[in-house]
Amino acid sequence: MAHVRGDEANGPMIITDPQHMHRDVLAARSRGRRVGFVPTMGALHAGHVSLVKRAAAECDDTVVSIFVNPTQFGPGEDFTRYPRTLDADIAAVAGCGVTWIFAPAADAIYPNGWATRVVVDGPARRFEGELRPGHFSGVATVVCRLFMAVPADVAYFGAKDWQQTLVVKRMVRDLGVPVEIAVCPTIREPDGLAMSSRNAYLLADERSRATAIHESLMLAERAWFAGDDIAAIEHAMRSHLAARGVAVDYAAIVDRESLEPLSSPVANAIAIIAGRLGTTRLIDNHPLPTRG
Ligand code: AMP
């Protein structure tokens, strides 16, 4: 790929060197341009594209990073089989107004002898943090490293990974990283399944049963508005998932900022689910509007 200036005619410029990326972003900002950043692990789908389009609409230049981050996968997780589809990813964002694609090699992000990690407590403690030890430390570490390479004005994350957005916001606040965090809505398949790079792992039968996750979130919303208590709603979500053969890691209603039990039975709630179909683990969530 030629290192041409990214524009609509030539497509984005592909950059692999973090220092080069840093230089280009700072140069754009020094010309008064607002720079948006969308960090991804590639295998781009319409969910990612929605973040990219929002960044391009709100900013003068947009960076999309593609990096399958080894440190956020636990032993036995899907790091080696995670889809790597750079050419298709470049095509997926063609025409979306992306200036740069940042696709570093692993040793550009984690240099030989690498010994530094970012550890977030608080919102990282429960749910994904409990079930995937080290996951959020890997996320916080790579996001911090990427923010060093891409000193953007604003970075875009998906509400699909709700707990991750809380962890990133806390890391940015605690370390004083000078970037705004924008959270964008979850994009779904027509049947409600949240788009995810991991949906590609699902066998046909698992794919049809995976709709139970979104169904459970909708069921939770109806029960929430009917005035049911939290324990009863959580039980109903778990029953529906189990009935469709989804192995439940958690199905909970918690405070959407702290992920702790609700302090008010009517406001700031979110329903969150993680479940497994065969070897595929999926997560989803749905914020619950204030009830009367
Ligand atoms: P990933 O490549 O899975 O690390 O995701 C990169 C970014 O895209 C993260 O901020 C995700 O939350 C976001 N994302 C993933 N799936 C969706 C979706 N279905 N809708 C909106 N954003 C998403």
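Since this is a predicted model, take the numbers as computed values, not measurements. Just follow the structure's listing: the first ligand is 1, and inside any ligand the first atom is 1. By convention here, the first residue in the shown sequence is residue 1.
- Looking only at protein heavy atoms, the nearest one to atom 11 (C) of ligand 1 is Asp161 OD2, 3.1 Å.
- Residue Leu51 has no N or O atom closer than 3.5 Å to an N or O atom of ligand 1.
- Every residue two or more places apart in sequence or in another chain that forms a side-chain hydrogen bond (donor to acceptor under 3.5 Å, both in side chains) with Gln72 is listed here: Asn69.
- Counted by atom type alone, Arg145 and Thr71 present zero donor-acceptor pairs between their side chains at under 3.5 Å.
- Across the listed options Pro39, Pro185, Cys184, Pro185 owns the non-hydrogen atom lying nearest to atom 21 (C) of ligand 1.
- Each of the atoms 10 (O) of ligand 1 lies under 4.0 Å from some heavy atom of Phe157.
- If you check each of Arg188, His48, Met41 against atom 5 (O) of ligand 1, the one with the closest non-hydrogen atom is His48.
- Remark: Asp121 engages Arg125 in a side-chain hydrogen bond (donor to acceptor under 3.5 Å, both in side chains) (not counting sequence neighbours).
- Counting heavy atoms under 4.0 Å from ligand 1, residue Met195 touches it through both backbone and side chain.
- More than 12 heavy atoms of other shown residues, nucleotides or ligands fall within 6.0 angstrom of atom CE in Met218.
- Neither the backbone nor the side chain of Thr165 has any atom closer than 4.0 Å to an atom of ligand 1 (non-hydrogen atoms only).
- Nearest protein heavy-atom contact of atom 20 (N) of ligand 1 is Ile187 N, 2.9 Å.
- The aromatic rings of Phe37 and Phe147 sit perpendicular to each other, their planes meeting at more than 60°, with 30° as the lower class boundary.
- Side-chain contact, Tyr156 with Glu58: a donor N or O sits under 3.5 Å from an acceptor N or O.
- Ligand 1 has no N or O atom lying under 3.5 Å from any N or O atom of Ala194, backbone or side chain.
- Under a 4.0 Å N-O distance rule, the pair Arg207/Asp191 qualifies as a salt bridge.
- With hydrogens left out, the protein atom closest to atom 10 (O) of ligand 1 is Gly158 N, 2.9 Å, a heavy atom.
- Ligand 1 lies less than 4.0 angstrom from a heavy atom belonging to His45.
- The closest donor-acceptor contact from the side chain of Glu234 to the backbone of Ile253 lies under 3.5 Å.
- Counting atoms of ligand 1 from 1 in the listed order, those under 4.0 Å from a heavy atom of Thr186 are 20 (N), 21 (C).
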